[in-house]
Amino acid sequence: MSRLSVVTLARDEERNIVDCLRSVEWADERLVVLDPRTTDRTGELAREAGARVVERTFTDFADQHQAALSLARYDWVLSLDADERVTPELAQEVREAIGRESPVGWWVPRHNIIWGREIRHAGWYPDYQLRLMRRDRARYDPGRPVHELVILDGEAGYLRNALVHYNYRTVGEFLRKQDHYAALHARALRAAGVRPRWRSLLGQPAREFWRRFVTLEGYRDGGHGLLLSVLVAYYQGVAYWRLRERRD
């Protein structure tokens with residue numbers, strides 16, 4: 001019988017970690033890879049909830065996820081963020097999926113709750129993430145330090161039931177995280193040999209806004225959709241501006 005490890009990367013997640021771990025009490029192992037720079041009770045609460053906690057200094061998301069794969073004890077791994085919850089329906093589907101010979105990985109949809117509202121457009125749903133995988137058939141692309149990419153040795157399938165993602169509770173939290181992601185994105189662009197051009201500072205944000213608000217129908221989420229499209233587009237520009245600053 002196939003067994004499952006649920007792995008979660010965490011830093012300063014005491015607000016989320018207990019509810020996250022409770023949603024996967026049915027798993028064979030719950031592993032929290034804790035950044036030792038955490039300043040709250042994340043590790044203590046995770047241990048009290050029955051999780052195995054391993055401390056490892058964070059470098060980037062791809063590297064930390066790859067380390068988590070190697071630390072997991074069982075053949076199948078479900079990667080879960082601290083602000084995500086597994087519903088009973090998804091739990092049942094995961095148990096059924098890992099009992100099959102193939103595929104070796106599964107894309108999982110997400111319901112994103114942003115600023116207290118579920119966002120259904122602008123690229124936020126179904127927001128498929130490759131989160132369920134055979135540990136020996138998956139690796140994380142080191143060239144994608146943010147919005148990490150899983151490379152599978154084999155085929156992937158799609159689950160029907162969604163994770164619930166309690167994403168960005170406030171606009172301030174969104175801005176802080178997007179600023180961090182922009183810095184990582186600029187680093188990835190630099191490593192890929194992308195040459196910054198002045199037209200990218202306007203062209204990239206304009207294309208991203210059009211994609212989010214028009215093509216992906218962000219307008220259907222009203223003011224939330226508009227503000228999200230504007231802010232994501234803005235931070236596209238920030239990433240390219242930082243790329244150019246480093247070059248200069």
Side-chain angles (χ1 to χ4, degrees), residues 1-10 13-33 42 45-46 48-52 61 65 68-69 72-138 140 147-150 152 154-169 216-218 220-221 224-225 228:
M1 181 180 294
S2 297
R3 304 182 75 179
L4 176 73
S5 294
V6 175
V7 299
T8 302
L9 309 186
E13 290 286 0
E14 67 178 6
R15 179 176 61 182
N16 288 309
I17 195 65
V18 173
D19 287 341
C20 172
L21 292 171
R22 283 176 178 165
S23 78
V24 288
E25 286 181 329
W26 47 271
D28 299 293
E29 176 189 32
R30 293 172 296 164
L31 167 66
V32 174
V33 180
T42 301
L45 292 172
E48 289 176 358
R52 180 165 67 100
F61 287 104
H65 277 294
L69 274 184
R73 289 173 173 161
Y74 298 118
D75 292 340
W76 281 91
V77 169
L78 174 64
S79 178
L80 191 65
D81 290 345
D83 56 3
E84 294 173 338
R85 310 289 181 262
V86 175
T87 66
E89 295 79 11
L90 176 58
Q92 180 60 37
E93 192 175 10
V94 167
R95 285 191 288 261
E96 293 171 359
I98 67 174
R100 303 174 186 173
E101 287 289 329
S102 63
V104 299
W106 294 87
W107 293 87
V108 185
R110 291 196 300 185
H111 292 305
N112 281 287
I113 313 297
I114 301 177
W115 310 328
R117 174 176 170 178
E118 184 180 340
I119 305 300
R120 302 287 296 187
H121 305 91
W124 296 97
Y125 184 81
D127 190 27
Y128 278 105
Q129 307 289 317
L130 209 166
R131 293 297 191 82
L132 181 60
M133 63 204 81
R134 278 276 303 272
R135 189 164 65 94
D136 61 343
R137 304 288 291 276
Y140 285 84
H147 305 309
E148 58 278 359
L149 175 67
V150 178
L152 283 180
E155 295 184 357
Y158 287 80
L159 298 184
R160 300 183 308 278
N161 292 288
L163 285 167
V164 179
H165 186 199
Y166 291 97
N167 212 338
Y168 312 114
R169 285 175 167 82
L216 297 176
E217 300 182 336
R220 297 181 64 181
D221 283 309
H224 277 66
L228 282 167

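These numbers were taken from a predicted model, which means no experiment stands behind them.
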**Complete:** dist Tyr168:OH -> Asp83:CG (nearest 0.5 Å) comes out at 9.0 Å

**Item:** SB check Glu13 Arg15 (cutoff 4.0 Å)
**Value:** no

**Complete:** Residues passing the side-chain contact (heavy atoms from CB on, under 4.5 Å) test with Arg22, sequence neighbours excluded, are Val18, Asp19, Glu25

**Under the salt bridge (charged side-chain N to carboxylate O under 4.0 Å, His left out) test, residues paired with Arg169 that sit two or more places apart** = none

**Item:** Distance, nearest 0.5 Å, that separates CG of Leu132 from CG of Leu78
**Value:** 6.0 Å

**Prompt:** How far apart are the closest heavy atoms of Val32 and Ala46, and which atoms are they?
**Reply:** CG2-CB, 4.0 Å

**For His121, all residues meeting ring-ring contact (aromatic ring centres under 6.0 Å, His included), sequence neighbours excluded** = none

**Request:** Could you tell me which residues satisfy salt bridge (charged side-chain N to carboxylate O under 4.0 Å, His left out) with Glu93, sequence neighbours excluded, listed by chain and number?
**Result:** Arg160

**Item:** Smallest separation among heavy atoms of Leu80 and Cys20, with atom names
**Value:** CD2-SG, 3.6 Å

**Message:** Looking at Glu29, is its backbone amide N or carbonyl O close enough to the side chain of Ser5 to form a donor-acceptor pair, meaning the two atoms are under 3.5 Å apart?
**Reply:** no

**Message:** Using every non-hydrogen atom in the two residues, find where Ala138 and Leu69 come nearest and quote the distance to one decimal.
**Reply:** O-CD1, 3.7 Å

**Item:** Criterion side-chain contact (heavy atoms from CB on, under 4.5 Å) on Asn167 and Trp124, from CA distance to verdict
**Value:** CA-CA 10 Å; Asn167 212 338; Trp124 296 97; 3.7 Å; yes

**Request:** Report the residues that fulfil salt bridge (charged side-chain N to carboxylate O under 4.0 Å, His left out) with Asp75, sequence neighbours left out, ordered by chain and then residue number.
**Result:** none

**Partners meeting side-chain contact (heavy atoms from CB on, under 4.5 Å) with His224 (sequence neighbours left out)** = Trp115, Arg117, Ile119

**Request:** Sequence neighbours left out, what passes ring-ring contact (aromatic ring centres under 6.0 Å, His included) with His111? Give chain and number order.
**Result:** Tyr125

**Chi angles and distances behind the side-chain contact (heavy atoms from CB on, under 4.5 Å) call for Thr87, Val164** = CA-CA 7 Å; Thr87 66; Val164 179; 3.9 Å; yes

**Message:** Suppose we screen for ring-ring contact (aromatic ring centres under 6.0 Å, His included). Which residues come up paired with Trp26, at least two apart in sequence or across chains?
**Reply:** none

**Prompt:** Between atom CG of Leu152 and atom CE of Met133, what is the distance when rounded to the nearest 0.5 Å?
**Reply:** 7.0 Å

**Message:** Rounded to the nearest 0.5 Å, what separates atom CG in Leu4 from atom CH2 in Trp76?
**Reply:** 9.5 Å

Hey, can you pull the donor-acceptor pairs under 3.5 Å for the side chains in residues 95-109, sequence neighbours left out?
unit_1, atom_1, unit_2, atom_2, d
Arg95, NH2, Gln92, OE1, 3.2
Glu96, OE2, Gln92, NE2, 3.2

**Prompt:** Should Leu228 and Ile114 count as side-chain neighbours, where that means a heavy-atom distance under 4.5 Å?
**Reply:** yes

**Request:** Only counting residues at least two apart or in another chain, list the ones meeting ring-ring contact (aromatic ring centres under 6.0 Å, His included) with Tyr166.
**Result:** none

**Item:** Val86 to Ser23 - nearest heavy-atom pair and separation
**Value:** N-OG, 3.2 Å

**Asked** Considering residues at least two apart in sequence or located in another chain, which fulfil the side-chain contact (heavy atoms from CB on, under 4.5 Å) criterion with Arg110?
**Response** Asp81, Glu84, Asn112, Asp127, Gln129, Arg131, Leu163, His165

**Request:** Please name all residues satisfying salt bridge (charged side-chain N to carboxylate O under 4.0 Å, His left out) with Arg134, sequence neighbours left out, ordered by chain then number.
**Result:** Asp136

**Asked** Counting N and O atoms only, with roles assigned by atom type, does the side chain of Thr42 sit under 3.5 Å from a partner on the main chain of Glu14, one being a donor and the other an acceptor?
**Response** yes

